[in-house]
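Note on naming: letters A, B, ... go to the chains in the order of the sequence lines (proteins, then strands), and numbering restarts at 1 for each one. For clarity, every value in this text was computed on a predicted model and none was experimentally measured.
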Amino acid sequence: MANDVCFRTLHLEQPWTLDSYRSVGGYSVWEKILKEKTAPDSIIAELKTSALRGRGGAGFPTGLKWSFMPRNVEGQKYVVCNSDEGEPGTCKDRDILRYNPHQLVEGMAIAGYTMGASKGYNYIRGEFWEPYERFQAAIEEARAAGLLGRNIMGSGIDFDIDVHLGAGAYVCGEETALLESLEGKKGQPRFKPPFPASYGLYGRPTTINNTESLASVPVILQHGGQWFLELGKPNNGGTKLFSVSGHVNKPGNYEVPMGLPFADLLELAGGVWKGHKLKAVIPGGSSTPVLPAEIAMGMTMDYDSISKAGSMLGAGSVIVMDETTCMVGVLARLSHFYFEESCGQCTPCREGTGWLARMVHRIEHGEGRQEDLDLLVQAASQIEGHTICALGDAAAMPVKSFIKHYRDEFQYHIDHKKCMV
Amino acid sequence: MAQANIELLTPASRAEIDTWVAKYPPERKQSAVMAALRIAQDQNAGWLTTELMDAVAAYLGMTPIAVYEVATFYSMYQLEPVGRHKINVCTNISCLLRGSEDVVKHLQQRLGIKLGETTADGRYTLKEVECLGACVNAPVAQIARQYYEQLTPELIDRIIDGLE
Ligand SMILES: Cc1cc2nc3c(=O)[nH]c(=O)nc-3n(C[C@H](O)[C@H](O)[C@H](O)COP(=O)(O)O)c2cc1C
Ligand code: SF4
Ligand code: FES
């Protein structure tokens, strides 16, 4: 396995301490920047070379995102880390916070310097108490070591970090809902534009990145963008944390090079459990389309290959299902989730997710009607593209993909009022 | 409207809220409302009364309605009494695939209540929650601040036996 980037302290005893982090070269990049006042443009150029793409789900190039922050705006700017991690199947940021929190601190500091922000917030989901304590301890250790604060090491550079704890709402992972929540309001996504780079936290220029994206930055700058790029493949640089869950022998978070064949990742995770056959894979978290085994076995684990296979890398949350899985039951649970988590702001999402959840539930329980399958696809299409945030699309995509690939199972439920598996 | 009573928040709670207020710009005290509600809830056996929410509003200089909006939006706030131990069971996809239905069944049998209910003696509340972000260790539950992972019926029994 290649624990080269976010998991580079994992083999150490107490990997979360400052000493552990220093022993793998931690904070060397930050100290160099403080000393040399590295040109922000050269940091951004290095990130562009690395082909690091946002690890929070959308895969937007991180270097490009950083270049959008206005340079000549006076006053406060912010860097915000997204540790809300609520997409079903995803649990990698939790392990960065628990096992390598200093690397995130360093990544946020570098981001702050590069974009002229003297303050960073890490939005951690409220359930993550242990990860929060680890990260908070890292902040305090870094402050005590003079790595955060005012005029850090006499450089004239200020940067500090605080944590904001959520309180249970998946939608707050959406970046503008997250900002609302940070401002002490309910987490309802904002209309875009304006984008956070011009109007973000408290109306100030703000860049929001995922935990894994930010934690990758120090290693990229330490070894160079080209090095990171070559860990993976063109346009898909680096390693990636994959949370492999479901019907495998060794579920876990695996840091592997981008472009690894899915079959190899499955093997790393011990293969399908109980000697069963693979049926289906959701490659990127519950919001990404499901893929049947034959297609999944032919793809490699990177943005481009998974997208060609008809799904998305998303947050790298690989949910494995064996031949005994009832696809109707799985979709019913997912549709219930999106209905529960809709913030209710847009009619198509608020009403549509309820429709979807009720219809799939009905089919699961043998009360489906012949016309329901077409109605479901129609209802999903009416949500897609008609909402303020992507939660609406996220609710629609599973429905469409499950029916596309497993229509006969849904049909069987309707015809025979029971499950075929 | 009666004057909100800030004293309902214990001195310890107020001191803790202050540490959160200090994380935000001085004119942005409202950002601390989520922490304040959590702290208020913790001092009151796990749930928020209207009077407590009003106290939070007064303490942070917010309107009561703005505080209620937050308290009703987020799932971790409880607006009604809960058992001494609130057991939050994840039933989302990765947990479902690893037997969360059996976990729920076992808990319901052992405690004699259904999801969403509290035992008559007020000791336990059983709550279904969405993905807890620990999916590779499914099935997962959370009690207070602690996660319990790779749950089995035996493990559940041991956990419950260990709760006061
Ligand atoms: C409903 C919804 C939930 C999301 N949840 C998360 C999340 O938990 N963590 C995350 O990093 N991004 C999440 N995102 C994506 C963010 O909006 C944003 O794109 C991301 O944090 C940007 O960081 P990145 O460019 O480093 O990936 C979510 C998006 C949506 C629409
Ligand atoms: S799409 Fe759904 S979750 Fe997103 S803003 Fe609209 S109602 Fe809220
Ligand atoms: S699905 Fe249960 S913890 Fe993620």
Side-chain angles (χ1 to χ4, degrees), chain A residues 76 84-95 119 121 125-131 133 162-170 172 181-188 202 243-248 250-253 269 282 286 317 319-322 325 329-330 333-334 336-337 340-341 343, chain B residues 19-25 27-39 41 56 60 62 66-78 88 90-98 100-101 127-140 142 144-147 149-150:
Chain A
Q76 189 66 55
D84 196 47
E85 191 151 76
E87 169 91 352
T90 316
C91 55
K92 64 192 177 66
D93 297 337
R94 176 181 187 231
D95 281 357
K119 179 81 194 190
Y121 287 104
R125 61 177 296 176
E127 293 87 346
F128 276 0
W129 197 266
E130 181 198 18
E133 288 188 319
D162 273 304
V163 172
H164 184 93
L165 276 174
Y170 164 64
C172 286
S181 183
L182 234 167
E183 292 181 5
K185 303 174 195 154
K186 47 185 182 172
Q188 288 191 323
Y202 308 131
S243 307
V244 186
S245 71
H247 295 154
V248 290
K250 290 195 297 176
N253 284 317
I282 298 178
S286 67
S317 327
I319 304 165
V320 175
M321 290 168 269
D322 73 9
T325 313
V330 169
R333 184 62 188 85
L334 291 183
H336 173 74
F337 166 70
E340 281 288 317
E341 299 297 329
C343 83
Chain B
T19 66
W20 286 89
V21 169
K23 296 175 196 281
Y24 310 99
E27 71 284 9
R28 300 289 181 176
K29 273 161 93 173
Q30 178 168 350
S31 283
V33 67
M34 292 173 66
L37 286 172
R38 181 184 70 242
I39 293 160
Q41 173 163 292
V56 165
L60 295 176
M62 294 170 63
V67 174
Y68 306 158
E69 266 187 13
V70 171
T72 50
F73 187 83
Y74 297 94
S75 65
M76 290 174 75
Y77 302 123
Q78 296 291 146
N88 301 294
C90 173
T91 58
N92 213 310
I93 181 163
S94 304
C95 289
L96 174 71
L97 296 173
R98 302 290 293 208
S100 62
E101 284 176 333
K127 185 173 172 178
E128 176 176 47
V129 294
E130 298 300 347
C131 175
L132 285 167
C135 324
V136 301
N137 294 325
V140 182
Q142 178 170 31
R145 290 171 176 174
Q146 178 79 36
Y147 274 38
E149 307 178 30
Q150 297 175 326

I need the minimum non-hydrogen distance between [X] and [Y], along with the two atoms involved.
X: A/P251; Y: B/R98; result: CG-NH1, 4.0 Å
X: B/S75; Y: B/K127; result: O-NZ, 2.8 Å
X: B/L97; Y: A/M321; result: CD1-CG, 3.7 Å
X: B/C90; Y: B/N92; result: SG-N, 3.3 Å

Segment of [X] engaging chain B (4.5 angstrom heavy-atom cut-off):
X: A/I319; value: side chain
X: A/S317; value: neither
X: A/Y170; value: neither
X: A/E340; value: side chain
X: A/V244; value: backbone
X: A/K119; value: side chain

Top residue by heavy-atom pair count (under 4.5 Å) with chain B, among [options]?
options: A/Q188, A/K92, A/E85, A/H247; result: A/H247
options: A/A169, A/S243, A/G252; result: A/G252
options: A/S245, A/C172, A/A167; result: A/A167
options: A/D322, A/T325, A/V163; result: A/V163
options: A/G246, A/G187, A/G126; result: A/G187

When heavy-atom pairs shorter than 4.5 Å are enumerated against chain A, which of [options] gives the highest number?
options: B/V67, B/I93, B/V33, B/V70; value: B/I93
options: B/A22, B/A36, B/A35, B/P25; value: B/P25
options: B/A66, B/S94, B/C95; value: B/S94

Side chains of [X] and [Y] in contact at under 4.5 Å (non-hydrogen atoms):
X: B/E130; Y: A/R333; answer: yes
X: B/W20; Y: B/S31; answer: no
X: B/V56; Y: B/I39; answer: no
X: B/E27; Y: A/Y202; answer: no
X: A/F128; Y: A/L165; answer: no
X: B/Q30; Y: A/K185; answer: yes
X: B/M76; Y: A/E127; answer: yes
X: B/Y24; Y: A/L182; answer: yes

So for [X], is it side chain, backbone, both, or neither that comes closer than 4.5 Å to the heavy atoms of chain A?
X: B/E69; answer: both
X: B/V129; answer: backbone
X: B/N137; answer: side chain
X: B/R38; answer: side chain
X: B/L96; answer: side chain
X: B/T72; answer: neither
X: B/Y147; answer: side chain

**Q.** Atom CD of A/E130 with >12 non-hydrogen neighbours under 6.0 angstrom
**A.** yes
